[in-house]
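Hydrogens, waters and symmetry mates play no part in the numbers below; they use all other heavy atoms, side chains included. Residue numbers start from 1 in every chain, and the chains themselves are labelled A, B, ... in the order their sequence lines are given, proteins ahead of strands.
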Amino acid sequence: MPSNIRTRFAPSPTGYMHIGNLRTALYAYLIARSQNGSFILRIEDTDQERLVEGSVEVIYRTLQLVGLEHDEGPDIGGPFGPYIQSQRKDIYREWAEKLIAAGGAYHCFCSKEKLESMRKEAESKGEAFKYQDPCRELDPAEAAKRVKSGEPCVVRQRIPRGGATTFEDLVYGSVTVENDTLEDGILLKSDGLPTYNFANVVDDHLMQISHVIRGSEYLSSAPKYNLIYQALGWEIPAYIHLPLIMKAAGKKLSKREGDASFEDFYNKGYLKEAIINYIALLGWNPKDDREIFSLEELKTIFSVSGLSKSPAIFDPEKLNWMNGEYVRRMDSESFFRAAEPYLKQAIKRPDIDLRKVAALVQQRTVVLSDIPGRVDFLDQLPDYDQSLFINKKAKTDLANSLEYLKICLIELEKMETWDHEAIKNALFKVIEEKGIKANTFLTPLRIALSGREVTPGGATELAEILGKEETQQRIKNGIEKLS
RNA sequence: GUCCCCAUCGACUAGCGGUUAGGUCACCACUCUUUCAAGGUGGCGGCACGGGUUCGAAUCCCGUUGGGGACGCCA
């Protein structure tokens, strides 16, 4: 049985899913789900100029992918539709008229150009632009006549002169703003569509949203919305403003730099679970020391009391750590499926068992996209310098490397069955007999097999994957290099 | 410029009048180890500043400074 908690995610279709937006959606979803409430999706497309083709699909796809399923929305309907603002034009018009009648708004006939130039002038003087609109004092009957005659106009909110407006926020507490610092903002544009300032109030009320969850950039304009609720005699919803997510050095996450959208991260090979987990913890804490949470767990433990007030800096390092944590916890089959495309990017040879490669690379993978660069040497031995054989820690030099490679060649030649156990036994027998460190004996082999200083897996694992023939070939190649 | 909000290690944060200020990431060291990771152990590192209030302040109040946000016919 759903409770009467209703939250909404109301993105505007601008083409991609900003990571901060996704977090807002997550929190709205979690607040609803943690209290058995409903989660509604509403599309705020009242700015016709900013519309981007295909954006709405991006929104659906992303929400579905990460598992934030909504109970009502444009695609699935619901009792309070339509859920796309551009389809609600008449509703806003109707309420705007009522608001005007209630004295909370008025028609304004000032031209866009005039306002523009006045604003610019104020700006150049370094002053704050605050428009004293003469239309505010127009006789309502006179104004109505001009509207009827077809004169272009907008509807502006009538902010009361003097006094102050206070609103309560569940994370920021009580916020009071002097009315005189508020502007008579535009509610209905000349194209008849509402601005955010009006549409969000009307829709949140009509859709019976109990908790308005949004970024803190709306904090200072929230009093204006309360004034509208009051003028219309509507009940004011609970507000939950969220601290913003920022980039290091106080910069915003930007689309241009590829660090702002969910897609950016997803395409780079971050797991959706890790992204969700990470952003859940940016500005919220569960009051214990755990950090790894599935969406299911979050649904049960999420609480508004854990939200913080200060802006949080998005730390790619910690996301990396968390992604690695998720990668390591995957079962081998899921990891293989996730890694397969990346493995295939680097490995074309059909004789290489990609499952074995995946097993080797799983524990070392932070982001899926760094897989190809780690395994490409398996496909083709890179050209490498003989100096790689000189390793202080392994105590190898050109001379003993050559010696050990020759022994490896002889020992491996004798092998009948080519599997990891057998290879390991054969080589460790030599190590024991010679009484040297495994590292010393195996490093030259590993270098010869990979042409790399560091590799996923040791010499014996690489040998197994490469197969007997290729292994021998690469050892010979190494011997040649050292002779 | 005006208004609003915020302020604990480099980052995310716990703390809500009495704590050796805790955890995680990053960093460093050691350890494990057939390289590198991962794992294990330890370490580095913080209450922005100045005034109050109080027997006692990271915690409450004021100011300063710093940061963020808003001031669009954008959301």
Are [X] and [Y] close enough that some pair of their side-chain heavy atoms sits under 4.5 Å apart?
| X | Y | answer |
| --- | --- | --- |
| A/Leu187 | A/Tyr92 | no |
| A/Phe441 | A/Asn400 | no |
| A/Arg8 | A/Met207 | no |

Expressed as a whole number of Å, how far does the [atom1] atom of [N] sit from that of [M]?
| N | M | atom1 | answer |
| --- | --- | --- | --- |
| B/rG43 | B/rC9 | C1' | 14 Å |
| B/rG17 | B/rA58 | C1' | 11 Å |
| B/rG72 | B/rA14 | P | 34 Å |

Side-chain ion pair, [X] and [Y], N-O less than 4.0 Å:
| X | Y | result |
| --- | --- | --- |
| A/Lys481 | A/Asp385 | no |
| A/Glu453 | A/Arg446 | no |
| A/Glu470 | A/Arg474 | yes |
| A/Glu297 | A/Arg290 | yes |
| A/Arg452 | A/Asp376 | yes |

Nearest of [options] to any side-chain atom of [X]?
| X | options | result |
| --- | --- | --- |
| A/Glu325 | B/rG39, B/rA75, B/rC5 | B/rG39 |
| A/Lys112 | B/rC73, B/rA75, B/rA38 | B/rC73 |
| A/Glu461 | B/rC73, B/rU34, B/rU35 | B/rU34 |
| A/Arg364 | B/rC5, B/rA37, B/rG69 | B/rA37 |
| A/Lys189 | B/rC36, B/rC73, B/rA38 | B/rC73 |
| A/Val175 | B/rA38, B/rA70, B/rC4 | B/rC4 |
| A/Gln363 | B/rA37, B/rU34, B/rA75 | B/rA37 |

Check nucleotides 23-26 of chain B against the protein and report each pair of N or O atoms closer than 3.5 Å, with its distance, or say if there are none.
unit_1, atom_1, unit_2, atom_2, d
B/rU24, O4', A/Glu291, OE1, 3.2
B/rU24, O2', A/Glu291, OE1, 2.1
B/rU24, O2', A/Lys318, NZ, 3.2
B/rU24, O2, A/Lys318, NZ, 2.8

Can you list, in residue-number order, the parts of residues 50-59 of chain A that come under 4.0 Å of RNA chain B, counting heavy atoms only? A/Arg50
Show the distances under 3.5 angstrom between N or O atoms of the protein and N or O atoms of nucleotides 62-65 of chain B.
none

Just checking A/Tyr225 against A/Phe167, ring centres under 6.0 Å apart? no
Between A/Phe314 and A/Phe265, is the ring centroid distance below 6.0 Å? yes
Just how far, in rounded Å, is [atom2] of [N] from [atom1] of [X]?
| X | N | atom1 | atom2 | result |
| --- | --- | --- | --- | --- |
| A/Ile159 | B/rC4 | CD1 | P | 15 Å |
| A/Asp184 | B/rC73 | CG | P | 12 Å |
| A/Ile186 | B/rC74 | CD1 | C1' | 12 Å |
| A/Lys424 | B/rU33 | NZ | P | 12 Å |
| A/Asn277 | B/rC12 | CG | P | 17 Å |
| A/Asn200 | B/rA75 | CG | C1' | 10 Å |
| A/Arg42 | B/rA75 | CZ | C1' | 12 Å |
| A/Arg329 | B/rG39 | CZ | C1' | 13 Å |

Given B/rC16, is OP1 or OP2 found less than 4.0 Å from the side-chain N or O atoms of A/Lys309? no
A/Glu433, CD: over 12 other non-hydrogen atoms inside 6.0 angstrom: yes
With sequence neighbours excluded, residues passing salt bridge (charged side-chain N to carboxylate O under 4.0 Å, His left out) with A/Asp133: A/Arg156
May I ask you to check if A/Arg42 and A/Phe9 form a cation-pi contact, with NZ or CZ under 6.0 angstrom from the six-membered ring centre and within 45° of the axis? no
Mate of [N] where both pairing distances stay under 3.5 Å, Watson-Crick or G-U:
| N | answer |
| --- | --- |
| B/rA70 | B/rU2 |
| B/rA58 | none |
| B/rA11 | B/rU24 |
| B/rA48 | B/rU64 |

At less than 3.5 Å, do the side-chain atoms of A/Tyr218 and the base atoms of B/rA75 form a donor-acceptor pair? yes
Worked check of side chain to side chain donor-acceptor pair (under 3.5 Å) between A/Arg214 and A/Thr24: CA-CA 6 Å; A/Arg214 51 153 85 115; A/Thr24 304; over 6 Å; no
Quick test: give all pairs of protein nitrogen or oxygen and nucleotides 13-15 of chain B nitrogen or oxygen below 3.5 Å, distance rounded to 0.1 Å.
unit_1, atom_1, unit_2, atom_2, d
B/rU13, OP1, A/Gly283, N, 2.9
B/rU13, OP1, A/Ser308, OG, 3.4
B/rU13, O3', A/Asn285, ND2, 3.3
B/rA14, OP1, A/Asn285, ND2, 2.6
B/rG15, OP1, A/Lys287, NZ, 3.4

Find the distance between CZ (A/Arg355) and CG (A/Leu343) and round it off to the nearest 0.5 Å. 11.0 Å
With a 3.5 Å cut-off and sequence neighbours excluded, list the donor-acceptor pairs that the side chains of residues 316-325 of chain A form with protein atoms.
unit_1, atom_1, unit_2, atom_2, d
A/Lys318, NZ, A/Glu291, OE1, 3.4
A/Lys318, NZ, A/Glu291, OE2, 3.0
A/Asn320, OD1, A/Tyr270, OH, 2.5
A/Asn323, OD1, A/Leu271, N, 2.8
A/Asn323, ND2, A/Val366, O, 2.6
A/Glu325, OE1, A/Arg328, NH1, 3.0
A/Glu325, OE2, A/Arg329, NH2, 3.4

